[in-house]
Amino acid sequence: MKLKLTVLLAATLLIAGCQPAENTARDSIAAAKGVIEQAQTEYLATCTADSTQRPCTLINDAVAGQNLAIDVLNLYCSGSDYLAGGACQPNKEYQSRLLEAIRNLNGIISAIKELR
């Protein structure tokens with residue numbers, strides 16, 4: 001299982017180098033959404049009973065990480081009409097923060113996947 005995650009992460013990083021940061025961020029945010037929703041469903045009863053358990057804290061961390069990644073992506077792409085559906089106009093000042101937010105989100109998502 002860990003080998004598969006390592007291969008997947010390596011492939012993701014390889015692909016990420018070939019596309020703009022905003023595309024990598026959108027892909028990671030979308031993938032995280034699926035994992036978070038699945039984990040929320042799977043651990044609903046467990047977390048309702050005791051929200052301090054590791055799966056529950058990881059899910060909460062993932063939601064917070066996803067929200068942060070979305071906020072930083074919005075800052076990174078903030079152009080005159082980006083939030084209204086326009087094209088991303090990258091603000092390189094936020095690129096390192098965006099990449100860090102995505103790395104953190106991906107790390108939390110990996111930890112959730114390892115629970116299974």
Side-chain angles (χ1 to χ4, degrees):
M1 177 71 155
K2 288 185 181 185
L3 178 60
K4 288 181 184 178
L5 287 174
T6 304
V7 171
L8 179 61
L9 181 59
T12 302
L13 292 174
L14 180 62
I15 292 169
C18 300
Q19 64 181 355
E22 64 269 18
N23 292 357
T24 300
R26 286 184 197 134
D27 292 348
S28 293
I29 291 167
K33 181 180 186 296
V35 172
I36 291 167
E37 288 176 351
Q38 182 179 1
Q40 286 172 326
T41 300
E42 184 176 337
Y43 292 100
L44 178 62
T46 301
C47 294
T48 300
D50 181 4
S51 64
T52 63
Q53 293 186 43
R54 186 165 192 270
C56 311
T57 59
L58 284 173
I59 291 168
N60 289 337
D61 289 348
V63 170
Q66 184 184 37
N67 289 335
L68 177 63
I70 291 168
D71 290 344
V72 178
L73 176 61
N74 288 337
L75 288 171
Y76 176 77
C77 286
S78 62
S80 57
D81 63 344
Y82 174 70
L83 293 177
C88 177
Q89 297 173 345
N91 181 339
K92 299 297 182 182
E93 176 184 339
Y94 294 104
Q95 185 169 1
S96 63
R97 293 177 188 174
L98 177 61
L99 297 176
E100 180 180 354
I102 294 302
R103 273 192 304 275
N104 289 339
L105 177 59
N106 288 340
I108 297 166
I109 295 302
S110 292
I112 289 173
K113 288 179 179 180
E114 289 177 5
L115 293 172
R116 298 184 181 120

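- The distance from atom CG of Leu68 to atom CG of Leu73, rounded to the nearest 0.5 Å, is 11.0 Å.
- Pairs engaging residues 65-94 under the salt bridge (charged side-chain N to carboxylate O under 4.0 Å, His left out) rule: none recorded [sequence neighbours left out].
- One finds the CG atom of Asn91 at 12.0 Å from the CD atom of Glu22 (value rounded to the nearest 0.5 Å).
- Closest approach of Leu115 to Leu58, counting heavy atoms only: CD1-CD1, 4.0 Å.
- Atom-to-atom distance recorded for Lys113:NZ and Ile108:CD1 is 13.0 Å, nearest 0.5 angstrom.
- The hydrophobic cluster around Leu99 extends to none of the other residues, as no ILVMFWY side-chain heavy atom falls under 4.5 Å of it.
- Checked against side-chain contact (heavy atoms from CB on, under 4.5 Å), Ala69 has the following partners two or more places apart in sequence or in another chain: Ile29, Ala101, Ile102, Leu105.
- The side-chain contact (heavy atoms from CB on, under 4.5 Å) search around Asn74 returns Ile70, Tyr82, Leu83, not counting sequence neighbours.
- In this structure Asn104 satisfies the side-chain contact (heavy atoms from CB on, under 4.5 Å) test together with Glu100, sequence neighbours excluded.
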Side-chain atoms of residues 31-50: list all donor-acceptor pairs with protein atoms under 3.5 Å, sequence neighbours left out, distances to 0.1 Å.
residue	atom	partner	partner atom	Å
Lys33	NZ	Glu37	OE2	2.6
Thr41	OG1	Glu37	O	3.1
Glu42	OE1	Arg116	NE	3.1
Thr48	OG1	Leu44	O	2.7
Asp50	OD1	Thr52	N	3.1
Asp50	OD1	Thr52	OG1	2.5
Asp50	OD2	Thr52	OG1	3.4

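- Residue pairs meeting the disulfide (SG to SG under 2.5 Å) criterion with at least one member in residues 86-116, sequence neighbours excluded: Cys77-Cys88.
- Considering only heavy atoms from C-beta on, Asp27 comes within 4.5 Å of Gln19 through its side chain.
- Residues Cys56 and Ser51 share a closest heavy-atom pair of CB-O, 3.3 Å.
- Closest non-hydrogen pair, Ala62 versus Ile112, comes out as CB-CD1, 3.7 Å.
- Residues passing the side-chain contact (heavy atoms from CB on, under 4.5 Å) test with Ala64: none are found, sequence neighbours excluded.
- Surrounding CZ of Arg26 are more than 12 heavy atoms belonging to other residues, nucleotides or ligands, all under 6.0 Å away.
- When all heavy atoms of Val72 and Tyr94 are compared, the closest pair comes out as CG1-O, 4.2 Å.
- For Ser28 (side chain) and Ala25 (main-chain N/O), no donor-acceptor pair under 3.5 Å exists by modelled atom type.
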